[in-house]
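Only one structure is covered here, and it is reproduced in the block below.
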Amino acid sequence: MARPGLAGPVLGVARDLLGRVVEAWSPEGTVAVRLTEVEAYGGAADPASHAFRGRTSRTEVMFGPPGHLYVYFVFGMHWCCNVVCGADGVASAVLLRAGAVVSGLDLARHRRTTARSDPELARGPARLAAALGLDGRANGVDLCAAASPVRLLAGTPVPDRAVEQGPRVGVASAGDVPWRFWVAADPSVSTYRLGGRRRVSRATLPVTTSRRG
DNA sequence: CCATTGATCGTCT
DNA sequence: GACGATCAATGGT
């Protein structure tokens, strides 16, 4: 089966995931999210990647074929989702950081009762996973199979002029690498906590700077 | 608006 | 035994 745009280098895959739609089915209903913020991990030698220290049971999916979902557990309470990309045997993935709910709004609101506005429903990787109803059970799911409970749809491409790029959020190492991509001025993008625990100097902030137009 | 902190557990050392 | 690819609540400016 074809895996459009998922087998190449991780940076290109990440950028092109913006505007695409992740649709998750469950007995409760279906929620779909249009991706507005992503981060690339892995590739050549990325110390921030879970796969950096080699193959373990957790990172097994990252080493597998592209187009599958890598779901991991963080901070004792949250789940986060990645799209595995690159060739089989190359461990790279794109973290899904934020999106706009485009279908199943009522169900997403039900799952995210603390959200004060709709753009907040999937603003942040753990929130996005929660809005879609995804947890460890979705780890390894094939996103390109018609019968999968989680699928990656074509969506609408985002033109270059609307894409901004900057450092990844919350990574302890390689925090200066601009491998985070987001849709400019989109309210669902998690603009807070830029740089995470470590302070990031202003010089390394967005490569394209047009936050306020 | 911004900064700080507690919650809570799988994974790896 | 330490540490997170985080979130939400709290309190300050």
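Chain identifiers are assigned alphabetically (A, B, ...) following the order of the sequence lines, protein sequences preceding nucleic acid strands; residue numbering begins at 1 within each chain.
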Please report the C-alpha distance between A/Trp179 and A/Glu39 in whole Å, then the side-chain angles of each, then the deciding distance to 0.1 Å, and finally whether the side chain to side chain donor-acceptor pair (under 3.5 Å) criterion is met. CA-CA 6 Å; A/Trp179 287 2; A/Glu39 276 176 2; over 6 Å; no

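- Comparing C/dA8, B/dC12, C/dA5 by their nearest atom to the side chain of A/Asn82 picks out C/dA5.
- The hydrophobic cluster containing A/Leu69 does not contain A/Val90, counting ILVMFWY residues as joined when their side-chain heavy atoms lie under 4.5 angstrom apart, directly or transitively.
- Among the nucleotides C/dA8, C/dC7, B/dT13, the one closest to the side chain of A/Arg53 is B/dT13.
- Which of C/dA5, B/dC12, B/dA7 sits closest to the side chain of A/Tyr70 comes down to C/dA5.
- Atom CZ in A/Arg58 sits about 9 Å away from atom C1' in C/dG4, given to the nearest Å.
- Taking side-chain N and O atoms only, A/His50 has a distance below 4.0 Å to OP1 or OP2 of C/dA5.
- Using modelled atom types and a 3.5 Å distance limit, the side chains of A/Arg111 and A/Ser26 yield a donor-acceptor pair.
- Protein atom CH2 of A/Trp79 is 14 Å distant from nucleotide atom C1' of C/dG4, rounded to whole Å.
- Backbone-only contact: A/Arg112 has heavy atoms under 4.0 Å from sugar-phosphate atoms and none from a base.
- Connection of A/Leu134 to A/Val102 is not established within any shared hydrophobic cluster, with ILVMFWY side chains joined at heavy-atom distances below 4.5 Å, either directly or through further cluster members.
- Of the candidates C/dC7, B/dT8, C/dG4, C/dC7 carries the atom nearest the A/Ala126 side chain, counting heavy atoms from C-beta on.
- With sequence neighbours excluded, the residues satisfying ring-ring contact (aromatic ring centres under 6.0 Å, His included) with A/Tyr72 are A/His50, A/Tyr70.
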DNA chain C in dot-bracket, Watson-Crick or G-U pairs under 3.5 Å, [ ] crossing, | other strand? ||||.|||||||.

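- When all heavy atoms of A/Arg15 and A/Val158 are compared, the closest pair comes out as NH2-O, 2.7 Å.
- Backbone-only engagement by A/Phe73 is indicated by non-hydrogen atom pairs under 4.0 Å involving sugar-phosphate atoms exclusively.
- In this structure, the NE2 atom of A/His78 is 15 Å from the P atom of B/dG6, given to the nearest Å.
- For A/Ser57, whose side chain is taken as the heavy atoms from C-beta onward, the closest listed nucleotide among B/dC12, C/dT6, C/dA5 is B/dC12.
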Begin from the C-alpha positions of A/Val38 and A/Arg97 and carry the test side chain to side chain contact (heavy atoms under 4.5 Å, CB included) through to its verdict. CA-CA 5 Å; A/Val38 298; A/Arg97 284 202 59 88; 5.8 Å; no

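- Straight-line distance from the CE atom of A/Met77 to the C1' atom of C/dA5: 15 Å, rounded to whole Å.
- Residues A/Val94 and A/Asn82 are not in side-chain contact: their nearest non-hydrogen atoms beyond the backbone lie 4.5 Å or more apart.
- Closest contact between the side chain of A/Leu95 and the listed nucleotides C/dA5, C/dG4, C/dA9 involves C/dA5.
- The ring of A/Tyr41 lies on top of the base of C/dA5, close enough and flat enough: under 5.5 Å between centres, under 30° between planes.
- Per the geometry, OH belonging to A/Tyr72 stands 13 Å off C1' belonging to B/dT11, to the nearest Å.
- Residue A/Arg127 places at least one side-chain N or O closer than 4.0 Å to OP1 or OP2 of C/dA8.
- Computed from coordinates, the A/Leu121 CG to C/dA8 P distance equals 11 Å when rounded to whole Å.
- Rounding to whole angstrom units, CG of residue A/Asp135 and P of B/dG10 are separated by 13 Å.
- Between the CZ atom of A/Phe75 and the P atom of C/dA8 there is a distance of 14 Å, given to the nearest Å.
- For C/dC7, the OP1/OP2 oxygens have no side-chain nitrogen or oxygen of A/Arg123 closer than 4.0 Å.
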